Engineer: 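First, the structure itself, so that you have it in front of you.
None of the values given here were measured: they were computed from a predicted structure.
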Amino acid sequence: MTASASSCWSPIVSTLVPYVPGEQPKIDRLTKLNTNENPYPPSPRALQAIRETAADGLQLYPDPDATALRRAVAARHGLALGEVFAGNGSDEVLAHAFFAFFQQGGAPLLFADITYSFYKVYCGLYGIPYEAVPLDARLRVDVEGFARPAEAPVAGVVVANPNAPTGEGLPLAAIERLLQLHPHRVVLVDEAYVDFGGETAIPLVGRYPNLLVVHTLSKSRSLAGLRVGFACGQRPLIDALERVKNSFNSYPLDRLAIAGATAAMEDEDHFETTRRAVMDTREGLALQLEDRGFEVLPSQANFLFVRHPAHDAAALADGLRQRGVLVRHFARPERIAQYLRISIGTPAQCEALLQALADLV
């Protein structure tokens with residue numbers, strides 16, 4: 001008798017609920033404002049570094065430690081080389097961190113109830129129980145909601161700052177409060193969007209041995225297609241990540257990714273120009289959406305989280321798609337079912353959005 005494919009699975013596989021990424025359309029000429037990519041191209045220096053690397057050396061393995069990239073990150077943030085870890089996108093860095101720090105004998109991991117949905121996926125993959133801390137009535141992270149009695153078991157804390165998909169950030173004082181609430185567990189601050197107006201917690205690394213800060217080059221460095229992320233923390237945390245990485249894949253970053261990401265980290269002028277262009281467009285788009293009756297949450301990210309009191313969000317998303325504009329709608333959880341997440345595009349792309357909305361609102 002031939003076994004079915006699923007009968008060969010490991011038992012945990014059937015329990016997994018995978019992450020669902022935003023749509024990557026196969027149709028040309030769509031205005032794509034649904035996956036928080038940067039609308040501007042990467043640094044010319046990054047592209048040149050990739051071309052030069054592609055011309056010679058691809059027959060060789062890359063540096064397993066991504067030393068050049070880590071050195072560039074360390075120099076920019078005033079850290080030692082050994083306080084930086086590099087991985088294949090921040091998602092891989094997060095996955096290694098969940099494995100390295102949050103399997104704590106059945107103790108729950110704490111994160112917000114409305115946040116990056118991959119956190120729940122990693123918990124399912126690694127068998128980590130979790131407690132979802134509700135956002136407050138204005139959809140802000142409730143720092144005091146993470147407090148627990150001293151004897152209560154806790155595996156750690158994960159907070160996206162600015163939060164996704166809502167967009168609002170926490171000040172450093174709030175991050176310090178989380179670190180002080182749980183001094184013996186890792187507090188992971190996922191700063192995927194921090195460069196668009198948030199306040200990074202990296203300056204706190206030297207003072208808090210339980211702090212791990214994770215970044216991506218997909219957003220503010222315009223390198224979503226290259227898949228590069230990094231983490232900053234004191235040496236014992238980075239050592240744990242390196243042990244996990246080298247037990248999984250010694251070469252997570254290829255030669256092209258290391259070269260392009262290093263050059264992008266070193267091109268401060270391009271970084272400043274493009275991130276400020278995104279922030280300026282965000283503020284203008286927020287005002288124009290408010291003029292059209294939308295409620296717009298405060299954002300320190302490269303997206304806006306909005307709702308219209310007189311129009312169903314799913315119907316708006318569908319109507320926009322029919323008019324060639326993609327935005328992100330989250331049907332679950334119900335608290336945000338009437339919101340749309342709109343990535344910040346170029347001024348021309350945002351104008352296309354507004355023109356499409358003119359037919360709908």
Side-chain angles (χ1 to χ4, degrees), residues 61-111 116 118-119 122-123 125-128 130 153-161 175-176 178-192 194 200-217 227-255 257-258 261-262 265:
Y61 282 110
D63 173 9
D65 298 320
T67 306
L69 171 60
R70 291 169 49 237
R71 185 176 289 119
V73 172
R76 187 175 190 277
H77 292 290
L79 300 173
L81 178 64
E83 294 176 318
V84 180
F85 174 85
N88 189 262
S90 61
D91 286 338
E92 183 184 75
V93 177
L94 289 168
H96 290 340
F98 272 60
F99 190 91
F101 306 120
F102 301 140
Q103 299 181 99
Q104 297 289 347
L109 178 64
L110 309 181
F111 50 79
Y116 186 31
F118 228 137
Y119 302 154
Y122 293 137
C123 286
L125 181 62
Y126 297 131
I128 301 169
Y130 66 87
V154 172
V157 173
V158 177
V159 60
N161 191 41
I175 299 299
E176 286 202 80
L178 288 172
L179 290 159
Q180 293 159 1
L181 284 172
H182 301 283
H184 304 299
R185 292 298 186 208
V186 167
V187 174
L188 189 158
V189 184
D190 182 359
E191 294 187 344
V194 75
T200 181
I202 292 177
L204 300 179
V205 162
R207 293 165 48 196
Y208 291 95
N210 60 322
L211 171 63
L212 188 74
V213 184
V214 176
H215 275 226
T216 177
L217 276 70
R227 312 308 302 128
V228 180
F230 62 86
C232 300
Q234 291 190 17
R235 182 59 202 165
L237 299 188
I238 302 304
D239 180 39
L241 291 175
E242 290 172 348
R243 287 168 178 254
V244 173
K245 185 266 285 186
N246 288 319
S247 301
F248 177 73
N249 178 10
S250 296
Y251 302 100
L253 291 177
D254 61 46
R255 295 171 72 91
I258 293 171
T262 302
M265 287 299 305

Engineer: Is the shortest side-chain heavy-atom distance between L110 and H182 below 4.5 Å?
Structural biologist: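 When only atoms from C-beta onward are counted, H182 and L110 do touch, with a gap below 4.5 Å.
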Engineer: Quick one: pull up CD1 in I175 and CG in L204 and give me the separation to the nearest 0.5 Å.
Structural biologist: 8.0 Å
Engineer: Does F230 have any ring pair (Phe, Tyr, Trp, His ring centres under 6.0 Å) partners at least two apart in sequence or in another chain, and if so, which?
Structural biologist: H215
Engineer: Provide the closest heavy-atom pair for L69 versus A86 in the form atom of the first, atom of the second, distance.
Structural biologist: CD2-CB, 4.1 Å
Engineer: So, using side chain to side chain contact (heavy atoms under 4.5 Å, CB included) as the criterion, who are the partners of E92 when residues are at least two apart?
Structural biologist: N88, H96, F248, P252
Engineer: Can you list everything that forms a side chain to side chain contact (heavy atoms under 4.5 Å, CB included) with A97? Sequence neighbours excluded, please.
Structural biologist: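 Applying side chain to side chain contact (heavy atoms under 4.5 Å, CB included) to A97 gives F101, L188, L212, L241.
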Engineer: Do R70 and T67 have side-chain heavy atoms sitting under 4.5 Å apart?
Structural biologist: yes
Engineer: Which residues pass the ring pair (Phe, Tyr, Trp, His ring centres under 6.0 Å) test with Y208, sequence neighbours left out?
Structural biologist: none
Engineer: Report yes if some heavy atom in the side chain of P64 is under 4.5 Å from a heavy atom in the side chain of Y251; otherwise report no.
Structural biologist: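 The answer is yes; the side chains approach within 4.5 Å.
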Engineer: Y122 side chain to D91 main-chain N or O, any donor-acceptor pair under 3.5 Å?
Structural biologist: yes
Engineer: I need the minimum non-hydrogen distance between V73 and M265, along with the two atoms involved.
Structural biologist: CG2-CE, 4.0 Å
Engineer: Suppose we screen for side chain to side chain contact (heavy atoms under 4.5 Å, CB included). Which residues come up paired with D254, at least two apart in sequence or across chains?
Structural biologist: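 Counting only residues at least two positions away or on another chain, D254 forms a side chain to side chain contact (heavy atoms under 4.5 Å, CB included) with L256, A257.
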Engineer: Backbone N or O of A201 within a donor-acceptor pair of the E191 side chain at under 3.5 Å?
Structural biologist: yes
Engineer: Within the 4.5 Å heavy-atom criterion, are L211 and V189 side-chain neighbours or not?
Structural biologist: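 Yes, at least one pair of side-chain atoms sits under 4.5 Å.
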Engineer: Only counting residues at least two apart or in another chain, list the ones meeting side-chain hydrogen bond (donor to acceptor under 3.5 Å, both in side chains) with R227.
Structural biologist: S218
Engineer: Of all heavy-atom pairs between A107 and A155, which one has the smallest distance, and what is that distance?
Structural biologist: O-CB, 3.4 Å
Engineer: According to side-chain hydrogen bond (donor to acceptor under 3.5 Å, both in side chains), who are the partners of T262, at least two apart in sequence or on a separate chain?
Structural biologist: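 Per chain and number, T262 pairs via side-chain hydrogen bond (donor to acceptor under 3.5 Å, both in side chains) with no residue.
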Engineer: Quick one: are V93 and T216 in side-chain contact, heavy atoms under 4.5 Å?
Structural biologist: no
Engineer: Answer yes or no: are there more than 12 heavy-atom neighbours, outside Y61 itself, under 6.0 Å from its atom OH?
Structural biologist: no
Engineer: Tell me, please, which residues at least two apart from N210 pass side-chain hydrogen bond (donor to acceptor under 3.5 Å, both in side chains).
Structural biologist: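 Not a single residue meets the side-chain hydrogen bond (donor to acceptor under 3.5 Å, both in side chains) criterion with N210.
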Engineer: Taking only residues two or more places apart in sequence or in another chain, which ones pass salt bridge (charged side-chain N to carboxylate O under 4.0 Å, His left out) with E176?
Structural biologist: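 In terms of salt bridge (charged side-chain N to carboxylate O under 4.0 Å, His left out), with neighbours along the sequence ignored, E176 is linked to R207.
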Engineer: Do the non-hydrogen side-chain atoms of L94 and Y119 ever get within less than 4.5 Å of each other?
Structural biologist: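 The answer is yes; the side chains approach within 4.5 Å.
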Engineer: Measure across L253 and G87 and return the closest heavy-atom pair with its distance rounded to 0.1 Å.
Structural biologist: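 The answer is CD2-O, 3.4 Å.
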Engineer: Shortest non-hydrogen contact from C232 to I202?
Structural biologist: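 The answer is SG-CD1, 3.9 Å.
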Engineer: According to side-chain hydrogen bond (donor to acceptor under 3.5 Å, both in side chains), does anything in residues 99-111 pair up with another residue at least two apart or in another chain? List the pairs.
Structural biologist: Q104-R185
Engineer: Suppose the criterion is side-chain hydrogen bond (donor to acceptor under 3.5 Å, both in side chains): which pairs have a residue in residues 237-250, not counting sequence neighbours?
Structural biologist: R235-E242, D239-R243
Engineer: Output all residues satisfying ring pair (Phe, Tyr, Trp, His ring centres under 6.0 Å) with F102, sequence neighbours left out; order by chain, then residue number.
Structural biologist: F98
